[in-house]
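Structure first, commentary second.
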Protein chains: 2
Amino acid sequence: MKDQPLKNREGLTETEFLAAYDPNRYGRPSVTVDLLIFTVTDEETGSYRRLPGKALKLLLVRRADHPFLGQWALPGGFVRTGESLNEAAVRELREETNVERVYLEQLYTWGDVGRDPRTRVISASYLSLADSSCLDVRAGSDAGEAGWFTVVCRLTQERKTVTPEGHILAKTYSLSLRHGETELSAEIEAVKTVEGRVSQTQWEIVHSEGLAFDHAKLIAYAVERLRGKIKYTDIAFRLMPERFTLTELQKVYEVILDKDLLKANFRRKLAGMVIETDGMTKDGGHRPAKLYRFNAAWADSDANEEGRS
Amino acid sequence: MKDQPLKNREGLTETEFLAAYDPNRYGRPSVTVDLLIFTVTDEETGSYRRLPGKALKLLLVRRADHPFLGQWALPGGFVRTGESLNEAAVRELREETNVERVYLEQLYTWGDVGRDPRTRVISASYLSLADSSCLDVRAGSDAGEAGWFTVVCRLTQERKTVTPEGHILAKTYSLSLRHGETELSAEIEAVKTVEGRVSQTQWEIVHSEGLAFDHAKLIAYAVERLRGKIKYTDIAFRLMPERFTLTELQKVYEVILDKDLLKANFRRKLAGMVIETDGMTKDGGHRPAKLYRFNAAWADSDANEEGRS
DNA sequence: ATAATAGTGTCTTTCAGACAGTATAGT
DNA sequence: ACTATACTGTCTGAAAGACACTATTAT
């Protein structure tokens, strides 16, 4: 607004100030992005003229170095100086899966001290969803082993304690990840405390086996979030191929929500989000189904999304 | 699982590896927390026996140094080495407002390059809500001026463009912040792009006057989030005093949502969240109202809260 | 015919929205 | 009586949940 440069208390102009600025005045943590890349695959039922089931899969990589050598971790890496947080997430995603144009959304940033034994690390977690037919399932040009793990995350306990000033709601999730012979498991608790006019939610790992860092927590959090958002947004379609039957779509919802839905109601609810194509399935032993595609003109009500919050 | 220590490719055990680890191998950005501290205050209507109106207020501090010297910014600061992200937010909140036990929730982490001219800065934004009667309104033991700004954030334009492969939904918000003679204004766009099976939302500042950094974006995002959450959680009560009338509560909803609500419906919807007390208002020229308090046993359905998503 | 899936019709309950009405203090 | 607020009753229509029913293919 003024043409003559402002000076601060030391009498420096902004240019002078910036030239003298020492970026190391405050300790600097390392910042990483961690990716939760989910997809849904068909699982053969084997038996005669039955439709394949669906499984929710998550990509994990095996750690080839300390710390947590040999354990499984979420793909991710350090944010570089010249790239934004989102760009780092896109880069890591491409490095791990060779896909680029898929759904990617920032979830939560984890910043506890001691999360990483090497140094102070703050990690922004990103949720990514992809159609399995677009993915090289032998993922990872990156070094080391990678694998798609079948995810089962189940609410196993819900405790509510009423206190004089409020209540405590503790939910325990058991998380199980399977890939071939490898089975990882963990138990995570989400504790919500309401006390007077204050409330707070905390996620804690009760126990974790085979998973590196605090990644069990990040996974449980992401699954919960996925479950929440699938109810009121169109994210499920990010997991579908171009054309699909309504039964396939319903199975995707069911595997994510970990519960069965009623067919008639499901179809009514999703009617506006899909468009009938002229294709039909013509496989085996039963009535063929119409193929649908996503109605890209459908607009959800939620503005707060970061490709949400 | 094994008692004999694992060694990596260089033959180092974990202890050896950690001792040799160079934390500066990757560039380290600075990390800050930025606080969006909202409260609701009474605004005198002046005129005869009328109830006071309500205003949504946000705490801003005036920058006493470069960059953006003299402009207004969100309170916040660097995360220290020994404290978690949440702890840093709690500390900054205390430093700015002398309150500690209030609602605090992580919102989103902003990591664009060039957000801060000093150095690479990544900022986790936190939403805080407090009852104005708990706050020292002359906020800030911290150096410099601070002020509670009346927030008006209004959706001024909504453009939907249908493309062959999807659609683009652009929402323009006009943000206005007033505190005494000072008036800050900005225009922010939230652009959601749906293209085939990919979607993405981006927030951009169209113009910003008097607000430092990209804080206009953080504010618009927080207001949108607050509007979203007030509909399905109990956060509104974090802004209320111990006892309140239903009309007061309704006015808080109205000032946040920036629209009028129908009384009968509002009361029906909130009936389960409040408990009648035996108090009554006994002020002026009209029928007295019952006083209510928050029903702390009320449980919202949303697990995904930090301190949701 | 039968197995297995595809797809529809409709009843009930719940809830949001709209509106009209009654009640009660101070002056 | 009048003003300004407090509070209630009820109609409507949309959406969610539950369930029963019909349709169509390959073998």
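Not measured: the values here are computed from a predicted model. Protein chains get the first letters and strands the later ones, always in sequence-line order, with residue 1 at the start of each.
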What verdict does the salt bridge (charged side-chain N to carboxylate O under 4.0 Å, His left out) test give for A:Glu105 and A:Lys229, after you've listed the backbone C-alpha separation in whole Å, the side-chain angles of each residue and the deciding distance to 0.1 Å? CA-CA 12 Å; A:Glu105 171 201 350; A:Lys229 290 201 81 164; 3.4 Å; yes

On DNA chain C, does the nearest nucleotide to B:His286 precede the nearest nucleotide to A:Leu51 from the 5' side, or the other way round? Give the residue. A:Leu51

List the residues meeting salt bridge (charged side-chain N to carboxylate O under 4.0 Å, His left out) with B:Lys251, not counting sequence neighbours, and say none if there are none. none

Provide, to the nearest angstrom, the distance between the CG atom belonging to B:Leu261 and the P atom belonging to C:dG17. 9 Å

Using whole Å, what does the distance between atom C1' of nucleotide D:dT3 and atom CZ of B:Arg50 come to? 10 Å

Between A:Tyr253 (OH) and D:dG17 (P), how many Å, whole number? 13 Å

To the nearest Å, how far apart are A:Leu270 CG and D:dA16 P? 10 Å

Residues that A:Glu242 engages under salt bridge (charged side-chain N to carboxylate O under 4.0 Å, His left out), provided they are two or more places apart: B:Arg197

Under 3.5 Å, which donor-acceptor pairs do the side chains of residues 149-157 of chain A form with other protein atoms, sequence neighbours left out?
residue	atom	partner	partner atom	Å
A:Thr150	OG1	A:Lys57	NZ	2.9
A:Arg154	NE	A:Asp258	OD2	2.8
A:Arg154	NH2	A:Asp258	OD1	3.1
A:Arg154	NH2	A:Asp258	OD2	3.4
A:Thr156	OG1	A:Thr172	O	3.1
A:Gln157	OE1	A:Arg159	NE	3.1

Quick one: A:Glu254 CD to C:dT5 C1', roughly how many Å, whole number? 14 Å

Specify the angle, to 10°, made by the local axes at the two ends of the helix from C:dA1-D:dT27 to C:dT27-D:dA1 when five pairs are taken at each end. 10°

Interatomic distance, CG@A:Asp260 vs CZ@A:Phe266, rounded to 0.5 Å, equals 12.0 Å

Regarding B:Asp131 and B:Arg238, does a basic nitrogen lie under 4.0 Å from an acidic carboxylate oxygen? no

B:Tyr232 has an atom OH; how far is it from atom P of C:dA16, in whole Å? 15 Å

For the atom pair CD1 (A:Ile168) and NZ (A:Lys192), what is the distance rounded to the nearest 0.5 Å? 12.5 Å

Could you check how far CD of B:Gln250 sits from C1' of D:dT5, rounded to whole Å? 12 Å

Might you list the N or O atoms of the protein lying below 3.5 Å from N or O atoms in nucleotides 7-12 of chain D, with each pair's distance?
residue	atom	partner	partner atom	Å
D:dC7	OP1	B:Lys290	N	2.9
D:dC7	OP2	B:Arg267	NH1	3.4
D:dC7	N4	B:Lys263	NZ	3.0

Residues at least two apart in sequence or cross-chain that pass side-chain hydrogen bond (donor to acceptor under 3.5 Å, both in side chains) with B:Thr182, listed by chain then number, are none

Find the distance B:Lys231:NZ to C:dG17:C1' and express it as a whole number of Å. 15 Å

Going through the checks in order, is the side chain to side chain contact (heavy atoms under 4.5 Å, CB included) test met by A:Lys269 and A:Tyr253? CA-CA 12 Å; A:Lys269 183 167 171 178; A:Tyr253 271 76; over 6 Å; no

